[in-house]
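In the text below, chain A, chain B and the rest are named by the order of the sequence lines, each starting its count at 1.
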Amino acid sequence: MAGYDFSDIRCLVVDDNEHMRRLLRTLLGSLGLRNVREAADGETGFKILADQLFDLVITDHAMEPLDGIEFTRRVRNANDTADETVPIIMLTGHTERDRVIRARDAGVTEFLAKPLTVDGLYRRIVAVIEKPRAFVQCAGFVGPDRRRRCEHNYRGELRRWDDLTDADDMVSL
Amino acid sequence: MMEWITERPPNAVIRPPDTRLKWKVGVADADGHRDAVAAGERAFAGCADFLSDAATGLLKALRDAARAEQPDAERLLAVSHELRGMAGVAGMPGVGALADALHRYLETAQEIGEINFSLVRLHVDAVAALAEGDPALPAARPALHALGDAVRRALARGPIRL
């Protein structure tokens with residue numbers, strides 16, 4: 001029997017609801033995370049990220065003055081972020097398709113729909129660990145590769161990292 | 001930091017998947033995953049009291065906001081948003097669903113510029129009745145149906161006549 005050792009993981013929780021921050025801190029602590037910092041809004045979270053390296057960021061969607069999407073976009077695009085590739089898990093009650101696409105296009109790594117569950121949170125963390133994606137920086141988008149599906153019949157141009165290394169085996173879309 | 005492995009003009013840069021996190025945390029098997037989730041569930045259960053208190057506090061704030069002489073739509077929006085998120089984790093999914101319906105209505109009605117605050121008050125009372133297990137809840141059903149109609153009309157960008 002073996003479990004992850006989260007003791008060295010640095011996590012930033014950005015949520016304007018103090019109860020949700022407390023809940024997340026408690027849950028992350030129960031998983032073994034000892035280094036969890038909190039920010040009550042996106043602006044503060046962004047400033048913290050400018051000074052310090054984190055392994056994981058968990059952010060709420062709806063916040064003032066900087067919401068989770070704009071916060072993510074700034075982290076991905078700013079020159080003064082300590083690590084613009086940091087995995088970002090977004091907690092959101094907004095699961096409408098257009099909002100999810102907007103968040104994905106801002107550079108969110110994983111989504112977690114509210115209400116928050118332990119299983120859901122753990123699965124997203126596992127996904128970040130076990131299925132890291134290439135990081136894309138191009139005109140109009142900075143963030144984890146948005147293609148998650150494998151398309152064996154794809155005949156277009158090969159433009160991704162795994163296309164270049166494993167093109168004969170699989171082309172991901 | 002990993003090096004760029006490929007660069008494509010004019011601006012495209014692709015970095016390989018970052019495995020640093022995986023190296024840091026090691027490996028976990030099925031038992032490890034199960035134990036981690038079980039530990040999390042225990043911690044979650046330990047939060048029940050403060051979550052319930054938080055949801056109750058939000059519900060009171062929502063009622064106060066709805067009953068104000070000059071209801072503040074922004075305040076109602078903010079509190080209903082918080083409540084729909086908190087109610088679910090506090091074990092009150094019904095309250096969460098009603099708060100969600102209210103939030104959607106307010107959002108849409110605010111866009112159109114026409115909010116029926118009498119209806120909002122009725123709806124908030126229904127949410128409170130559900131939270132308190134009030135046996136009079138069935139009496140609130142007409143108000144809930146009316147709200148549903150209002151939302152549908154608002155979504156269709158039609159006039160709200162209640």
At a heavy-atom separation under 4.5 Å, does [X] approach chain B through its side chain, its backbone, both, or neither?
X        : result
A:Val142 : neither
A:Leu23  : both
A:Arg123 : neither
A:Thr117 : backbone

Report whether [X] and [Y] are members of the same hydrophobic cluster (ILVMFWY, side-chain heavy atoms less than 4.5 Å apart, transitive linking).
X        : Y        : value
A:Leu33  : A:Val118 : yes
B:Val37  : B:Val89  : yes
B:Tyr105 : B:Val79  : yes
A:Ile125 : A:Leu24  : yes
A:Phe54  : A:Met63  : yes

Between atom [atom1] of [X] and atom [atom2] of [Y], what is the distance when rounded to the nearest 0.5 Å?
X        : Y       : atom1 : atom2 : answer
A:Arg25  : B:Cys47 : CZ    : SG    : 9.5 Å
A:Phe135 : B:Ile14 : CZ    : CD1   : 12.0 Å
B:Leu83  : A:Asn17 : CG    : CG    : 10.5 Å
B:Leu21  : A:Asp55 : CG    : CG    : 5.5 Å
A:Met20  : B:Met86 : CE    : CE    : 6.5 Å
B:Asp18  : A:Thr85 : CG    : OG1   : 5.5 Å

Closest non-hydrogen atom pair, [X] against [Y]:
X       : Y        : result
B:Ala43 : A:Ser30  : CB-CB, 3.5 Å
B:Val25 : A:Ile129 : CG2-CG2, 3.8 Å
B:Pro17 : A:Pro132 : CB-O, 3.3 Å

Charged N to carboxylate O below 4.0 Å: is that the case for B:Arg20 and A:Asp83?
yes

Cationic N near anionic O, under 4.0 Å, B:Glu82 to A:Lys114:
no

If I measure from the heavy atoms of chain A, does B:Val27 come under 4.5 Å with its side chain, its backbone, both, or neither?
backbone

Can you pull the ring pair (Phe, Tyr, Trp, His ring centres under 6.0 Å) pairs that have at least one residue in residues 30-81 of chain B, sequence neighbours excluded?
A:Tyr4-B:His33, A:His94-B:His81, A:Tyr122-B:His33, B:His81-B:His103

Could you tell me whether the side chain of B:Asp29 and the main chain of A:Ala2 form a donor-acceptor pair under 3.5 Å?
yes

Give the member of B:Ala54, B:Ala30, B:Gly26, B:Gly46 that has the highest number of heavy-atom pairs under 4.5 Å with chain A.
B:Ala54

Within a radius of less than 6.0 Å around CZ of A:Arg22, do more than 12 heavy atoms belonging to other residues, nucleotides or ligands occur?
no

Taking non-hydrogen atoms and a cut-off under 4.5 angstrom, which of residues 56-71 of chain B neighbour chain A?
none

